[in-house]
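Comments concern the structure below.
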Amino acid sequence: LLDDLLRGIETDDASRSHARVTIVFLGDMIERGPQSAQVVERLRRYRPNFAKTVFLMGNHEEVLLRILSGETSLLADWLRFGGAECARSYGIDPKQLETLGSASALKLLRQAIPKEHAKFLASFVDTASFGSYLFVHAGIRPGVPLSHQQPQDLRWIRLPFLDDEADHGCVVVHGHTITEAVDERENRIGVDTGAYRTGVLTALGVEADERWFLQTGSAEVSQDEGRRVAKYQHA
C-alpha cells in the first residue's frame with residue numbers, strides 16, 4: 001500500500017507544474033499491519049528527487065521507542081495494540097515475548113530491531129506547518145496556543161479535539177483516529193482511513209487554495225465542489 005501511494009504521489013506531481021514539494025508522513029508507520037520492519041526500511045531510505053520529506057511522531061512510534069529505552073512495563077499493552085504484528089515483522093514470535101521476563105524480552109527486541117531503525121524513528125518531529133495548514137499526528141489541545149501544545153496531546157489526543165469546531169487559526173491535518181472516509185471539517189482534516197484493515201491508504205495534497213486526495217483501494221472520498229480527487233486502484 002505504501003509503495004502504491006508513493007507511486008501515486010510521484011505520478012500526481014509529474015502531472016502538475018513545477019513547485020517546491022514536501023511530503024509529510026503523519027506517524028504510526030509501524031504496528032498493526034504485517035510489515036512494520038519493511039515500511040521503516042522503505043521510508044528510512046526514501047529519497048524522492050522531487051520532494052523533501054518530514055516524518056511526524058505517532059503514538060505507536062513513541063511507545064516502541066519508550067520500550068526500547070527500558071520501559072518494559074509497556075510491553076503487554078504494546079503487544080495487544082499492534083506490537084505483536086510489529087515484533088513478527090522483525091522475526092520475533094510475540095508469544096515468546098509474553099513468556100520471557102522483562103529483561104530478556106527487552107534484550108530480544110533490541111537485538112532484532114536494527115539500531116538504524118530506532119535512530120530513524122527517534123528522529124521524527126511533532127509538527128510541520130505550511131501556509132494555513134498545521135500537520136500533526138493526532139490533533140491539538142483546543143484553546144492552547146500552538147507554541148504551548150504538549151507532545152502527549154499532539155500524539156495521543158482524540159476528544160476534545162475531534163468535537164471542537166473552533167477556529168484554530170489554521171487547518172489541522174491529522175491521522176490517529178480512523179474514519180471510513182476522509183474526515184474533512186472547517187478546522188481540521190483527518191486522513192486516517194485505516195489502511196491496515198481496509199486497504200485504503202490516503203494522502204492529502206494541498207497547494208494554495210486547492211486540495212485533492214490520493215488513495216489506494218476503492219473507498220469513496222468526500223469532495224467539495226471545485227476540488228479534484230485523484231484515485232489509484234490497488235490491485
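Just so we're clear, the structure is a prediction, and the values are computed from it rather than from any experiment.
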request  = Kindly determine whether Trp78 and Glu31 satisfy side chain to side chain donor-acceptor pair (under 3.5 Å), including the steps that lead there.
outcome  = CA-CA 9 Å; Trp78 178 69; Glu31 303 178 4; 2.5 Å; yes

inquiry  = Working note: Ile178 + Tyr196, criterion side chain to side chain contact (heavy atoms under 4.5 Å, CB included); need CA distance, chi angles, decisive distance, verdict.
reply    = CA-CA 11 Å; Ile178 294 174; Tyr196 79 95; 3.8 Å; yes

request  = Evaluate the side chain to side chain contact (heavy atoms under 4.5 Å, CB included) criterion for residues Phe213 and Thr193: first the C-alpha distance (whole Å), next the side-chain angles of each, then the deciding distance (0.1 Å), finally the verdict.
outcome  = CA-CA 12 Å; Phe213 299 96; Thr193 46; over 6 Å; no

request  = Any chance you could lay out the side chain to side chain contact (heavy atoms under 4.5 Å, CB included) test for Ile113 and Leu64, step after step, and finish with the verdict?
outcome  = CA-CA 10 Å; Ile113 298 176; Leu64 178 57; 3.9 Å; yes

request  = In sequence, state the C-alpha distance, the side-chain angles, and the governing distance for Glu61 and Met29, and then conclude on side chain to side chain contact (heavy atoms under 4.5 Å, CB included).
outcome  = CA-CA 8 Å; Glu61 286 88 8; Met29 273 77 82; 3.7 Å; yes

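Around atom CZ of Arg20, no more than 12 heavy atoms belonging to other residues, nucleotides or ligands sit under 6.0 Å away.
Note: Thr202 OG1 to Asp183 CG = 12.0 Å, rounded to the nearest 0.5 Å. With rounding to the nearest 0.5 Å, the separation of CZ in Phe135 from SG in Cys170 is 10.0 Å. From Leu75, atom CG reaches atom CG of Leu109 across 6.0 Å, with rounding to the nearest 0.5 Å. Here Gln150 contributes atom CD and Asp126 contributes atom CG; the two are 10.0 Å apart, rounded to the nearest 0.5 Å. Distance check, rounded to the nearest 0.5 Å: CD1 of Ile157 to NE2 of His174 gives 10.5 Å. A distance of 10.5 Å separates OG in Ser123 from CZ in Arg44, rounded to the nearest 0.5 Å.
Heavy atoms only, all atoms of each residue included: Leu162 and Arg188 are closest at O-NH2, 3.2 Å. The two atoms that bring Pro114 and Tyr90 nearest to each other are CD-CE2, 3.5 Å, heavy atoms only. For the pair Pro160 and Pro142, the tightest heavy-atom approach, listed with the atom from each and the gap, is CG-CD, 3.9 Å. When all heavy atoms of Ala112 and Ile92 are compared, the closest pair comes out as CB-CD1, 3.4 Å. Here the closest heavy-atom approach between residue Ala118 and residue Leu68 is recorded as CB-CD1, 4.1 Å. Contact between Ser89 and Pro34 at its shortest, heavy atoms only, is CB-O, 3.6 Å.
Taken together through direct or relayed side-chain contacts under 4.5 Å among Ile, Leu, Val, Met, Phe, Trp and Tyr, Ile189 and Phe161 form parts of separate hydrophobic clusters. Transitive grouping of hydrophobic side chains (ILVMFWY, heavy atoms separated by less than 4.5 Å) brings Trp156 and Ile67 into a common cluster. Cluster annotation: Leu74 is connected to Leu108 through the hydrophobic network of ILVMFWY side chains, with a link wherever side-chain heavy atoms come within less than 4.5 Å. Hydrophobic cluster membership is shared by Val39 and Leu201, with clusters built from Ile, Leu, Val, Met, Phe, Trp and Tyr side chains linked at under 4.5 angstrom. No continuous path of hydrophobic side-chain contacts links Val182 to Val172 [ILVMFWY only; heavy atoms under 4.5 Å].
In this structure, Phe81 has its ring center at least 6.0 angstrom away from the ring center of His60.
Between His137 and Asp28 there is a side-chain heavy-atom pair separated by less than 4.5 Å. Proximity of Gln215 to Leu5: side-chain heavy atoms (C-beta onward) are nowhere separated by under 4.5 Å. The shortest side-chain heavy-atom distance between Ile140 and Asp153 does not fall under the 4.5 Å cut-off.
For the pair Asp93 and Arg88, the salt-bridge criterion is not met [side-chain N within less than 4.0 Å of a carboxylate O]. For the pair Glu165 and Arg185, the salt-bridge criterion is not met [side-chain N within less than 4.0 Å of a carboxylate O]. Salt bridge status for Arg155 with Glu62: present, with a side-chain N to carboxylate O gap under 4.0 Å. With salt bridges taken as basic N to acidic carboxylate O contacts below 4.0 Å, none links Arg16 and Asp13.
Remark: the Asp192 side chain and the His176 side chain contain no N/O donor-acceptor pair separated by less than 3.5 Å.
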All N/O donor-acceptor pairs, side-chain side in residues 48-58, below 3.5 Å, sequence neighbours left out:
none

